[in-house]
There are 2 protein chains.
Amino acid sequence: MEELGERKEKILNAIIKHYLETGEPVGSRVISKIADLSLSSATIRNEMADLEELGYIIQPHTSAGRVPSDKGYRFYVDHLIETKNQEVAEIKDLMIEKTEKMEKVLKQVVKILANDTQYATMISAPSVRGNRLKFVQLSAVDENQILSVVVMDGNVVKNKIIPVDDALDNETMLKLNMLLNTTLNGLTVSEINLGLITKLKEQAGIHEDIIAQVLNTVAETISDDDLEIYTSGATNIFKYPELSDSQNASELISAFEEKQALKEFIEETQSEDGEDTGIQVYIGNEAPVQTMKDCSVVTATYELGDGMKGTIGIIGPKRMDYEKVMDNLKNLKSQLDNALRGDSDK
Amino acid sequence: MEELGERKEKILNAIIKHYLETGEPVGSRVISKIADLSLSSATIRNEMADLEELGYIIQPHTSAGRVPSDKGYRFYVDHLIETKNQEVAEIKDLMIEKTEKMEKVLKQVVKILANDTQYATMISAPSVRGNRLKFVQLSAVDENQILSVVVMDGNVVKNKIIPVDDALDNETMLKLNMLLNTTLNGLTVSEINLGLITKLKEQAGIHEDIIAQVLNTVAETISDDDLEIYTSGATNIFKYPELSDSQNASELISAFEEKQALKEFIEETQSEDGEDTGIQVYIGNEAPVQTMKDCSVVTATYELGDGMKGTIGIIGPKRMDYEKVMDNLKNLKSQLDNALRGDSDK
DNA sequence: ATTAGCACTCAACCAAAACGAGTGCTAACA
DNA sequence: TGTTAGCACTCGTTTTGGTTGAGTGCTAAT
């Protein structure tokens with residue numbers, strides 16, 4: 001399955017390239033014209049028959065040209081793409097100015113990417129699971145409400161208003177704050193175990209319910225935002241006829257709205273062991289989500305150290321411009337790696 | 001234009017009712033059958049010819065039945081709908097349990113509504129413009145970062161990390177907190193004028209840059225989230241053939257993605273003087289946004305007192321079930337009015 | 001004022017025909 | 001033995017033209 005012979009490779013390459021551009025089944029004549037091997041259409045036909053037998057291309061019907069199969073695409077991205085690595089896409093890095101809110105950066109990134117590629121895009125906020133607590137603060141907003149603020153590594157800030165029955169005096173407040181900070185500081189969420197919690201509650205005395213609530217906030221910080229996903233350009237799907245019959249389009253766009261499917265996808269991506277580049281390509285049925293069986297998805301995982309990972313994904317038709325997309329992602333990935341990390345230190 | 005005569009009204013009503021159900025042009029025979037005025041199709045035809053001349057109905061082509069025009073729909077919602085006021089829709093109010101985050105409530109509401117009506121829905125978070133400051137707190141996260149938290153009336157919490165060059169000692173921190181709280185507490189954003197700012201900066205002495213940043217956070221609180229809009233069920237559009245040709249669908253769904261159009265819509269809604277009920281109906285071209293010229297939009301404005309207003313909107317085909325939708329909204333509106341307000345006090 | 005009747009219109013549907021891009025195969029060629 | 005020209009064949013697409021039927025407007029009778 002590996003060795004095709006140079007000529008067959010060239011032909012397969014030409015077929016796919018041409019199909020990527022036109023989206024129409026490509027016949028033997030065209031190939032004999034555009035490919036610079038000077039062969040007649042008849043010869044090409046023979047080779048194409050072979051390629052079809054081997055499963056790399058498919059004939060939609062008897063009297064049509066050939067179309068790449070999933071296997072064909074796979075071979076293309078694995079062997080045939082020459083990564084002209086340096087013509088990096090022009091994601092303006094001006095955008096990543098110390099926009100203090102990560103949320104904003106991500107929203108921008110995903111928008112720019114969608115605009116640049118003309119495909120549908122998604123990005124997941126870095127998971128804070130395994131992230132460390134940096135700072136906890138309780139403050140009395142008024143007699144009946146306490147504001148609890150939790151800052152995690154990477155400056156993820158969460159807050160919650162806790163209702164209380166009686167006002168707490170200033171001193172208790174200070175004591176609680178001290179207690180929380182000294183006990184929890186530097187811990188990851190998974191390290192906050194039952195023993196610690198009981199100990200905390202003990203020391204808090206009569207205010208243990210407040211402690212419970214604060215811990216709750218911490219827990220929410222994780223579970224809640226773990227699935228924060230931003231999307232853009234979902235409607236680009238309409239640009240590709242093979243995806244835009246209303247059945248298909250509806251399901252796809254719905255998936256973008258619900259984000260459930262995207263979440264599954266991202267979890268899959270991150271569990272799978274990233275290659276050297278951290279870029280992965282899912283063609284058709286390779287996607288872990290049924291909805292996307294007619295698409296291809298290219299994902300990249302970016303990191304912020306400390307195991308904080310996020311995923312960028314581009315969803316398009318199978319005949320998407322893999323080269324451009326992969327270059328784009330590779331480039332963006334490194335920018336994100338740097339920019340966000342830099343931001344979180346500053 | 002006002003007086004149609006009872007018979008014409010009845011006929012118009014029958015036409016629209018029937019069209020709402022079927023979505024097909026309705027002919028004279030059907031009307032003569034279903035309407036309980038016992039008239040022959042021929043008579044109906046005469047009346048229909050009149051109605052067409054008056055602009056209430058339209059003939060898609062010569063040998064087809066009639067379809068309501070925008071004017072027809074307008075007349076329908078204004079005069080013909082009998083608001084069976086009490087059969088309120090069953091939005092389960094269990095959902096509005098003191099979910100402390102308004103964001104969550106809104107996301108839920110919009111989802112339930114979309115699901116219930118099978119139309120596309122949107123909801124805007126209550127504008128905090130004109131909202132009062134309740135509490136400000138600065139805390140040192142570490143040597144180089146200060147966390148600024150601002151709580152507004154209605155428990156809207158905003159935060160921002162402010163980078164500083166040198167650590168501030170505890171005492172200064174306390175002083176600044178005191179200063180900010182005493183000066184700003186209870187003010188609306190518009191009340192924080194230049195004079196006040198200068199006074200603040202003076203008193204802060206060398207730390208005036210921090211004050212500036214905090215004020216910035218306050219400003220952001222308003223400008224930023226003023227346009228927070230949640231949507232759901234955008235793909236319901238595909239359920240209505242007259243909207244789902246890919247040109248149209250693409251634009252519409254895109255509008256939902258971008259939210260820009262929705263924002264304009266909501267601004268328009270809120271500026272327009274709400275009737276008695278606060279419910280408004282935009283039919284076709286009445287909509288302030290060109291994209292929605294083939295839709296109808298029903299909006300309701302809910303309030304939290306203090307001029308905090310938000311808007312709920314339902315976007316569907318012109319032949320949407322106005323009755324159901326308006327009932328739904330009316331009901332929901334009051335629930336929101338109560339629930340969120342109740343929440344903000346608790 | 002209402003209605004039955006009738007001629008007329010026109011989108012929608014369907015089947016047959018024409019088209020043409022592309023193939024597989026065979027036979028000739030280098 | 002690999003390549004190519006030629007040709008019959010296939011089959012989706014497009015075109016054409018005829019039929020159908022829902023619905024109308026008008027007229028004449030009630």
Side-chain angles (χ1 to χ4, degrees), chain A residues 3-12 14-19 21-69 72 241-242 244-245, chain B residues 3-12 14-19 21-69 72 241-242 244-245:
Chain A
E3 265 313 329
L4 275 181
E6 189 176 356
R7 199 170 71 177
K8 281 197 173 55
E9 274 191 17
K10 268 192 176 158
I11 293 178
L12 180 54
I15 293 176
I16 297 186
K17 274 265 175 60
H18 193 263
Y19 183 72
E21 281 166 24
T22 64
E24 301 277 294
V26 15
S28 51
R29 288 208 30 195
V30 216
I31 296 299
S32 92
K33 289 266 168 64
I34 63 170
D36 48 357
L37 359 102
S38 20
L39 292 174
S40 79
S41 60
T43 316
I44 304 284
R45 273 205 289 286
N46 283 326
E47 296 289 40
M48 278 165 76
D50 290 354
L51 283 171
E52 177 158 22
E53 204 164 321
L54 292 169
Y56 290 98
I57 51 181
I58 284 174
Q59 221 175 355
H61 56 87
T62 336
S63 67
R66 306 302 214 287
V67 159
S69 69
E242 64 264 50
S244 72
D245 68 287
Chain B
E3 263 317 326
L4 275 182
E6 187 176 359
R7 200 169 71 177
K8 282 197 173 52
E9 273 191 18
K10 268 194 175 156
I11 292 178
L12 179 55
I15 294 176
I16 297 186
K17 275 264 174 60
H18 193 263
Y19 183 72
E21 280 167 27
T22 65
E24 301 276 295
V26 14
S28 51
R29 289 216 23 205
V30 214
I31 296 301
S32 92
K33 289 266 170 64
I34 63 169
D36 46 358
L37 359 99
S38 20
L39 291 174
S40 79
S41 61
T43 316
I44 304 283
R45 274 205 288 287
N46 282 327
E47 296 289 40
M48 278 164 81
D50 290 353
L51 282 171
E52 178 158 22
E53 205 162 322
L54 293 169
Y56 291 97
I57 52 181
I58 285 174
Q59 222 175 355
H61 56 86
T62 337
S63 66
R66 306 306 214 287
V67 158
S69 68
E242 64 263 51
S244 71
D245 67 291

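This is a predicted model, so every value here is computed, not measured. Proteins come first, then strands; the chains are lettered A, B, ... in the order of their sequence lines, and each starts at number 1.
For the pair E52(A) CD and dG22(C) P, the computed distance is 15 Å after rounding to whole Å. With rounding to whole Å, N46(A) atom CG is found 9 Å from dT3(D) atom P. Summarising the geometry, the separation between CZ on R7(A) and C1' on dG2(D) is reported as 8 Å, rounded to the nearest angstrom. Separating the CD atom of E24(B) from the C1' atom of dG21(D) is a distance of 14 Å, rounded to the nearest angstrom. At whole-Å resolution of the value, CG in L51(A) and C1' in dT23(C) are 15 Å apart. Protein atom CG of L39(A) is 14 Å distant from nucleotide atom C1' of dA5(D), rounded to whole Å. When rounded to the nearest whole Å, the span between NZ of K33(A) and P of dT4(D) equals 14 Å. Per the geometry, CG belonging to D50(B) stands 12 Å off P belonging to dA1(C), to the nearest Å.
Across all non-hydrogen atoms, the minimal contact from S41(A) to S32(A) is N-CB, 3.8 Å. Listed here is the closest heavy atom pair of P25(A) and Y19(A): N-CE1, 4.0 Å. Residues M48(B) and V26(B) share a closest heavy-atom pair of CE-O, 3.7 Å. Between D245(B) and E242(B), the shortest heavy-atom distance links the atoms OD1-O, 4.2 Å. The two residues G65(B) and P60(B) make their nearest non-hydrogen contact at O-CD, 3.3 Å.
Residues E47(B) and L39(B) fail the side-chain proximity criterion, which asks for heavy atoms closer than 4.5 Å. By the 4.5 Å heavy-atom criterion applied to side chains, T43(B) and L37(B) are not counted as neighbours. Counting heavy atoms from C-beta outward, E24(B) and V30(B) have side chains that stay 4.5 Å or more apart. Here the side chains of I15(A) and Y56(A) are not in contact, with every heavy-atom distance at 4.5 Å or above.
Toward the 5′ end of DNA chain D lies the nearest nucleotide of S38(A), the other residue of the pair S38(A) and G27(B) mapping further downstream.
A close approach under 4.0 Å does occur between a side-chain nitrogen or oxygen of S28(A) and OP1 or OP2 of dT23(C). Residue S40(A) places at least one side-chain N or O closer than 4.0 Å to OP1 or OP2 of dT4(D). Applying the 4.0 Å criterion to OP1 and OP2 of dG21(D), one finds that R29(B) has every side-chain N and O outside that range.
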Within the sub-3.5 Å range, which N or O atoms of nucleotides 5-10 of chain C have a protein N or O partner, and how far apart are they?
from, atom 1, to, atom 2, distance (Å)
dG5(C), O6, R45(B), NH2, 3.3
dT9(C), O2, S63(B), OG, 3.3
dC10(C), OP1, T62(B), OG1, 3.2
dC10(C), O4', S63(B), OG, 3.2
dC10(C), O2, S63(B), OG, 3.3

Please enumerate all protein N or O atoms sitting under 3.5 Å from an N or O of nucleotides 28-30 of chain D, with distances to 0.1 Å.
none

